[in-house]
Amino acid sequence: MSSASSSLPTSPGLASTFNPADIESALYQKWLKADYFTADAASTKEAFTMVLPPPNVTGVLHIGHALDQTLQDCLARMKRMKGFEVLWLPGMDHAGIATQNVVEKQLGAQGISRHDLGREAFVKKVWDWKAESGGAILDQMKRLGVSVDWSRERFTMDEGMSKAVLSLFKKMYDEGLIYRAERIINWCPRCLTALSDIEVDHQDDAGEFVQIKYGEGEQSIVIATTRPETMLGDGAVAVHPGDPRYKHLIGTKVLLPLVNRMIPIIADELVEQDFGTGAVKVTAAHDPNDFEMAMRHNIPFVVIMNEHGVMDGTGTEFDGMDRFAARVAVVAKLKEMGRVVSEKRPYIHAVGHCSRCDTTVEPRLSKQWFVKVAPLAKSSADAVRSGEVKIEPEALEPRYFEWIDNMHDWCISRQLWWGHRIPVWYGPNEEVKVIGPDEIAPDGWVQDPDVLDTWFSSGQWAFSTFGWPEKTADLAKFYPTSILVTGYDILFFWVVRMMMMSTFAMAGVAPFKTIMLHGLVRDQFGKKMSKSRGNVIDPIEFMDKYGADALRFTLARGANPGTDQALAEDWIGGSRNFATKLWNAMRFAMMNGANVTGPLPEISSLNAIDRWILSRLSKTLRDVESLLEKYEFARACEILYHFAWDDLCDWYLELSKEAFASNDKAASQRVLGHVLDQLMRALHPVMPFITEELWCTFTGGESLVNAQWPTSNTTHIDKSAEKLITALQEIVTEVRRFRNDQGIKPSQKVPGRFTGAADILAYSSALRFLLKLEDKEFTPTASLEIAGIKLDLDLTGSIDVVAERSRLEKDLVAAKKDMQTAEVKLDNASFMAKAPAQVVVEIKERLAKTTADIERLTSALATLK
RNA sequence: GGGUGCUUAGCUCAGUGGUAGAGCGUCUCGUUUACACCGAGAAUGUCGGGGGUUCGAAACCCUCAGCGCCCACCA
């Protein structure tokens with residue numbers, strides 16, 4: 001450092017440039033060590049319990065999770081500062097299918113399937129992957145400054161959770177809420193296994209679309225199908241109830257060719273009149289939609305294929321043929337019989353394939369376990385309708401009701417290996433028994449091979465993590481939880497399930513008091529992020545580049561309730577700039593002796609600038625408080641941003657520089673210290689790292705996490721100070737415009753002299769400092785009248801008359817327009833009669849002001865040569 | 001098909017009855033002793049179209065047109 005720069009005042013403890021990396025790691029360690037977010041910490045208020053959504057088990061922190069975590073941590077820190085006992089319930093391990101899928105894909109890359117590996121070895125592999133990826137996710141979340149009490153986190157699969165899952169299954173079974181029924185599932189005839197939806201890849205295949213005539217003469221109907229071979233298993237023909245072409249046939253029977261069986265013609269809303277012929281064959285045992293229709297109309301299931309996809313039991317010549325060979329043969333035979341009305345080939349349509357071997361998936365009838373949702377859904381819906389649970393923003397409530405009011409029974413069995421095994425055992429004589437947590441299945445009985453849907457266990461999160469079914473102290477204290485913060489995209493999958501499972505298990509008490517829903521993060525053009533599009537924002541990369549605070553502030557600042565946010569790198573850069581601004585403001589304050597020592601000076605003893613910033617601070621804190629209580633993160637951030645940057649940095653610090661350079665500065669130093677102290681506290685939830693660093697360095701305090709949340713002091717709100725500073729701002733802005741128009745460089749000093757209103761003249765030295773006005777004898781060559789004062793200036797030469805005239809004329813036009821608007825209103829009898837008095841007063845004031853402006857501008861123009 | 005949103009400055013978005021806003025971008029000037037990740041100034045909108053309610057509409061109602069998301073479906 002040169003001697004010249006070292007002679008400048010320095011701020012102890014703060015580097016001259018802000019580098020987030022220098023402080024982040026150490027501060028996180030500090031928070032972790034102090035165990036700030038454990039529920040056992042001292043508290044003065046009720047517990048604030050939060051349920052965290054689960055991050056994807058991919059080992060990488062996704063930007064969407066970064067948003068989840070940021071908003072949750074933001075609330076946690078604020079509640080903590082308000083004296084609440086804060087407890088997080090981190091949902092780490094819900095994504096059962098996703099987890100299994102990741103591991104299966106890894107195996108697939110090596111040409112291995114889970115069936116090669118066997119159940120036990122496969123499950124072990126998933127556990128290994130979970131340990132690895134879970135650890136990586138935790139490390140990444142720490143970068144965000146999220147301090148969760150991880151001791152509460154329990155893997156879905158561990159003993160405690162398992163006990164809860166088994167207990168709940170048994171309880172629901174015993175109360176008749178779980179039943180077993182037949183359903184169509186995806187089946188791979190090569191792997192000889194059922195496939196979950198995620199294991200089925202849909203491809204556009206070239207198939208055929210054939211129209212076939214059933215029946216004879218008047219009593220006939222033409223159906224259209226892509227799978228002619230399944231006609232051997234038809235149980236009915238369905239048409240739309242309103243279709244005039246077929247109305248007369250509904251309820252009658254028609255002859256099914258080849259098998260020579262009479263089948264009914266039924267009416268069902270599911271049939272589309274405009275598609276194909278408007279008549280569809282119903283093959284209940286080999287198509288999911290047909291299955292549903294068959295259930296509704298009591299149509300028998302006719303199984304025509306075995307597990308290998310070979311025709312079987314039709315009693316026709318086609319038995320023993322592969323399904324695809326049978327397709328050709330059936331069409332050929334029907335053609336021979338003159339029953340093929342038309343054929344379209346190739347016909348491109350989506351067909352499911354086994355994700356492992358690419359074999360075409362065959363829908364197959366099988367027995368599955370179901371949850372009867374009607375009673376559960378009703379209590380979950382009632383909890384929201386009664387106001388017991390609040391959905392924020394309220395606008396998303398219809399979406400919740402739409403789902404929960406129209407829910408079908410929930411199939412909870414999955415043909416997977418990773419998850420809780422269904423606790424049902426089958427005896428040698430087809431006995432069925434649910435085996436609870438403390439029971440043992442009889443010898444010779446076999447357990448159901450399927451596992452439970454991941455949402456069945458994760459739906460229990462809000463109570464099973466507290467040790468349910470035991471009546472634990474935690475459960476009594478923390479249930480129901482205060483809030484769930486998550487994206488609206490998961491409302492249906494997880495939130496609805498948690499509502500149902502919890503209200504059932506916890507005697508009708510819903511799992512949360514508030515469900516706060518945020519939107520999704522999209523790219524800078526509002527497009528969905530996807531790897532293939534290459535527009536994915538990596539939170540780690542941007543934290544490396546701009547700091548965790550910048551990312552968090554950007555996310556919080558974009559979080560308008562329930563709406564998506566577009567996120568661009570530029571925005572994160574802007575937030576980083578804000579952090580740097582705070583850093584430099586604090587440096588300036590510390591260089592100039594700002595402090596928090598002793599009580600604030602008497603308000604009446606302060607100058608108007610100090611009173612003004614205290615007034616602004618009070619209003620800011622008041623607004624931020626009420627916005628955060630409504631989960632309006634974006635607007636709260638916006639207000640803090642503008643208070644810090646505009647009010648504090650651009651105006652207060654600038655207007656006070658003159659005072660800080662003088663001897664009479666003790667009061668201002670204390671006021672500035674107070675403002676920064678309070679601002680750091682209020683910003684801490686959204687920018688934890690930099691505020692912690694600045695505040696601790698500045699005040700010597702231990703940590704903001706344990707500091708008190710700042711409250712608005714309404715006695716500081718000062719209308720007269722605000723009015724005066726508004727006038728000063730107007731003067732400064734006008735003179736700057738004038739200087740700018742006249743081509744005077746910002747640093748160039750100009751002789752100037754104020755006359756006019758005494759309250760403003762009291763601050764003329766501050767104005768002079770800010771506007772670079774010299775205090776010396778001169779002969780005015782220009783003068784400006786603004787806000788009750790007159791400023792004479794010596795431009796040491798002629799002023800640019802053209803520029804000045806154009807500026808004044810522009811102002812005059814604007815003022816005249818404003819005046820006219822006001823006049824029209826005031827001349828309107830209806831307006832005067834009906835508008836509220838307050839509005840009329842405002843318009844009158846506006847008229848008075850514009851009239852005065854016009855007068856001033858007109859005379860200024862007249863004297864301008 | 002059912003549901004639900006959106007359309008405001010070049011871009012992304014706030015704004016639920018009283019003179020149209022922010023961030024970024026753009027243009028001009030400037031390194032003044034916190035900060036060029038900065039300061040000062042400036043430009044920029046028939047608030048998607050059309051009706052209606054109202055003294056007054058970006059906001060409320062109707063309608064039309066685009067765009068999006070969720071769910072279902074594609075025989």
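Every chain is numbered from 1 and lettered A, B, ... according to where its sequence line falls, protein lines coming before strand lines. These numbers come from a predicted model, not from an experiment.
Annotation: of the two residues near RNA chain B, A/H642 and A/G526, the 5′-most nearest-nucleotide partner is A/G526.
In this structure, B/C29 and B/G39 make a Watson-Crick or G-U wobble pair, each of the two defining distances being under 3.5 angstrom. Pairing partner, B/A65: B/U7, with both Watson-Crick or wobble hydrogen-bond distances short of 3.5 Å. Look at B/C73: it lacks any Watson-Crick or wobble partner with both distances under 3.5 angstrom. In this structure, B/C13 and B/G21 make a Watson-Crick or G-U wobble pair, each of the two defining distances being under 3.5 angstrom. The partner of B/C60 is B/G52, judged by Watson-Crick or G-U wobble contacts that both fall below 3.5 Å.
Candidate nucleotides B/G30, B/U19, B/G23 were compared by shortest atom distance to the side chain of A/D818, and B/U19 ranks first. The A/D650 side chain lies nearest to B/A40 when the options are B/C71, B/A22, B/A40. Relative to the side chain of A/A835, the nucleotides B/G41, B/U19, B/G18 differ in distance, and B/G18 lies closest. Listed nucleotides: B/A40, B/A34, B/G39. Nearest to the side chain of A/W645: B/G39. Distances were taken from every side-chain heavy atom of A/N740 (C-beta onward) to each of B/G30, B/A40, B/C35; the shortest belongs to B/A40. For A/R736, counting side-chain heavy atoms from C-beta on, the closest listed nucleotide (B/C70, B/G41, B/U19) is B/G41. Here B/C24 is the nucleotide among B/C37, B/C35, B/C24 with the atom lying nearest to any side-chain atom of A/D570. The listed nucleotides are B/U32, B/A34, B/G2; the one nearest the side chain of A/P746 is B/U32.
Taking 4.0 angstrom as the limit, A/K849 places none of its side-chain polar atoms (N or O) nearer than this to OP1 or OP2 of B/U19. Note on A/K528: a side-chain N or O is less than 4.0 Å away from OP1 or OP2 of B/C70. Put simply, A/K657 has a side-chain N or O that comes within less than 4.0 Å of OP1 or OP2 on B/A34. For A/T821, no side-chain nitrogen or oxygen approaches OP1 or OP2 of B/G18 to under 4.0 Å. Listed pair A/R227 / B/A75 fails the phosphate criterion, with no side-chain N or O lying under 4.0 Å from OP1 or OP2. Listed pair A/R635 / B/A14 fails the phosphate criterion, with no side-chain N or O lying under 4.0 Å from OP1 or OP2.
Residue A/T225 is in sugar-phosphate contact alone, with no base atom involved, counting any heavy-atom pair closer than 4.0 Å across all strands shown.
Across the C1' atoms, B/G10 and B/G52 are found 34 Å apart, a figure rounded to whole Å. Rounded to a whole angstrom, the distance from the P atom of B/A22 to that of B/G15 is 15 Å. B/C29 and B/C69 have their C1' atoms separated by 47 Å, with the value rounded to a whole Å. Comparing B/A72 with B/C60, their C1' atoms are spaced 33 Å from each other, to the whole Å. Only the P atoms considered, B/A58 is 15 Å distant from B/U8, to the nearest whole Å. B/C61 and B/G17 have their P atoms separated by 12 Å, with the value rounded to a whole Å. Rounded to a whole angstrom, the distance from the P atom of B/C64 to that of B/A40 is 50 Å. Remark: the separation of the P atoms in B/G68 and B/G56 is 38 Å, to the nearest Å.
Within the 3.5 Å criterion, the main-chain N or O of A/K825 finds no donor-acceptor partner in the side chain of A/D827.
Between the side chains of A/K816 and A/T850, no donor-acceptor pair of N or O atoms lies under 3.5 Å. When only modelled atom types and interatomic distance are considered, A/Y214 and A/D234 share a side-chain donor-acceptor pair under 3.5 Å. Using modelled atom types, one finds no donor on one side chain facing an acceptor on the other under 3.5 Å when comparing A/R737 with A/N740. Under 3.5 Å, the side chains of A/Y631 and A/N560 contain no donor-acceptor pair of N or O atoms. Side chain to side chain, A/E658 and A/S765 meet the donor-acceptor criterion of an N or O pair below 3.5 Å. No side-chain donor from either of A/K849 and A/T851 sits under 3.5 Å from a side-chain acceptor of the other.
Residue side chain A/K581 reaches the base of B/C35 through a donor-acceptor N/O pair under 3.5 Å, judged by distance alone. For a distance-only test at 3.5 Å, the side chain of A/E654 fails to qualify as a donor-acceptor partner of the base of B/A40. For B/C70, the base has no donor-acceptor partner in the side chain of A/R399 [N/O atoms by modelled type, under 3.5 angstrom].
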